[in-house]
Number of protein chains: 2
Amino acid sequence: MQRIKEILRSKNLRPTKQRVLIADHLFDGTDKHVTAESLFRELSSNKRDVSLATVYNTLHEFCKKELLNKITLDADKVYFDTNTSLHHHFFSEKDKILLDIKNEDVKISLMPKAPKGKKIKKVELVIHLED
Amino acid sequence: MQRIKEILRSKNLRPTKQRVLIADHLFDGTDKHVTAESLFRELSSNKRDVSLATVYNTLHEFCKKELLNKITLDADKVYFDTNTSLHHHFFSEKDKILLDIKNEDVKISLMPKAPKGKKIKKVELVIHLED
DNA sequence: TCAATAGTTTAGAATTATTCTAAACTGATA
DNA sequence: TATCAGTTTAGAATAATTCTAAACTATTGA
């Protein structure tokens, strides 16, 4: 709990009850892919002490502070990945499931140059799956 | 015009007035990235002979028949790409602009195996840009 | 040629994820 | 501990998309 508060403080985020609850749930050491909706459901299963609006706010704050990675593969389902290290994804549209691909399992040996005036911010490789 | 009708017929799509209008606009030889909204706006600038619902229906039909490629990078803007050949994209979130990357400008020299029971359907490399 | 019909289009309503609003609340600071 | 900027909240608003069911039309085969 103190660990969580430290993480938040180190990012200049006040460790409020809601943020601690959310961070505690997200950063338990296992990699997760959540949506605002799924997270809200999991958190409010017991007590209702976080609103959906706060879940949205918090996920976005965490992304800005690079505690999470936002992944949009499906217009009606935006994923947030607790694994912020360099890696890629498998995506099954049918199952709406995201799977991590370790960075060392992919090698991109030729990369195009960014257009003039732009820099490369992130390289996202998504391998779409089917049955 | 006959060419367009042939394309539609070859995909088992009745060449209705609306589909011909849309296909004629999309498949003029130049690669495009459209959204349902942008396409609707362009088509109905003169006369109003396609409804928005039909634009959505048609874009999805065309995707199913592999005349278009759907690209979702931003939850509130789904793109349809008239270039269905193997290629990748630059994406500027700020400008909401998609740019094609020629397939030969990228080389992926190591690819992970698909999980058991799944096949690789599509490999999508998106290079996110910033200023 | 034309009637039957399966496929298509449509306006407008419904849905759904997300964002907004503005009022209440709270952690941090002095 | 009072202050106040930052945060949370319910509920309304927004916006992209899908749905519905009635009207329309391309195709077919007699």
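Numbers restart at 1 for each chain; the letters A, B, ... are given by sequence-line order, proteins then strands.
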(request) State which residues pass side chain to side chain contact (heavy atoms under 4.5 Å, CB included) with B:K107; sequence neighbours excluded, sorted by chain then number. (result) A:S109, A:L110
(request) Please determine, for the side chain of B:H60, which listed nucleotide (D:dA16, D:dT18, C:dA17) has the closest atom? (result) D:dT18
(message) For A:K11, I'd like to know if atom NZ has over 12 heavy atoms of other residues, nucleotides or ligands within 6.0 Å.
(response) yes
(message) As a test of understanding, state which of A:V106, A:N103, A:V123 forms a side chain to side chain contact (heavy atoms under 4.5 Å, CB included) with A:L86.
(response) A:N103
(request) Give the rounded distance in Å between these two atoms: CD of B:E61 and P of C:dA6. (result) 18 Å
(message) Quick check for you: among D:dG11, D:dA16, C:dA11, whose closest atom lies nearest to any side-chain atom of B:A53?
(response) C:dA11
(request) Using atom CG of A:L8 as one end and atom P of D:dG6 as the other, report the distance to the nearest whole Å. (result) 17 Å
(message) Less than 4.0 angstrom between a side-chain N/O of A:Y56 and OP1 or OP2 of C:dT19, yes or no?
(response) no
(request) Specify the separation, in whole Å, of atom CG of A:L52 and atom P of C:dT19. (result) 10 Å
(request) Report the distance from atom NZ of B:K70 to atom C1' of D:dT18, rounded to the nearest whole Å. (result) 11 Å
(message) I'd like to check A:F91 versus A:D74 (side-chain heavy atoms, cut-off strictly below 4.5 Å). Are they in contact?
(response) yes
Would you tabulate the nitrogen or oxygen pairs shorter than 3.5 Å linking the protein to nucleotides 27-30 of chain C?
unit_1, atom_1, unit_2, atom_2, d
C:dA28, OP1, A:R9, NH1, 3.2

(message) In this structure, how many angstroms lie between the P atom of D:dT25 and the CG atom of B:L21, rounded?
(response) 15 Å
(request) State, with a plain yes or no, whether a side-chain heavy atom of A:F62 is found less than 4.5 Å away from one of A:I22. (result) yes
(message) Quick check against the 3.5 Å criterion: does B:D81 have a side-chain atom that pairs as donor or acceptor with the backbone of B:N83?
(response) yes
(request) Take atom NZ of B:K102 as the centre, draw a 6.0 Å sphere, and report whether it contains more than 12 heavy atoms from other residues, nucleotides or ligands. (result) no
(request) Mind calculating the distance between NZ (B:K5) and C1' (C:dT8) to the nearest angstrom? (result) 15 Å
(message) Tell me the bend of the helix from C:dT1-D:dA30 to C:dA30-D:dT1 as the angle between end helix axes, each from five pairs, rounded to the nearest 10 degrees.
(response) 30°
(request) Go through D:dT18, C:dT10, D:dT17 for me and flag the one nearest to the B:V78 side chain. (result) D:dT17
(message) So A:E42 and A:H25, do their side chains get closer than 4.5 Å, heavy atoms only?
(response) yes
(request) Whole angstrom is fine here: how far is it from CG in B:L59 over to C1' in C:dT8? (result) 15 Å
(request) Check whether any side-chain N or O of A:S51 sits under 4.0 Å from OP1 or OP2 of D:dT9, and answer yes or no. (result) yes
(request) Figure out the CG/P separation between A:N57 and D:dT9, and round it to whole Å. (result) 9 Å
(request) Using the six-membered ring wherever Trp is involved, compare the ring planes of A:Y56 and A:H60 and label them parallel, tilted or perpendicular (cut-offs 30° and 60°). (result) tilted
(message) So, OP1 or OP2 of D:dT9: does either fall under 4.0 Å of a side-chain N or O from A:Q18?
(response) yes
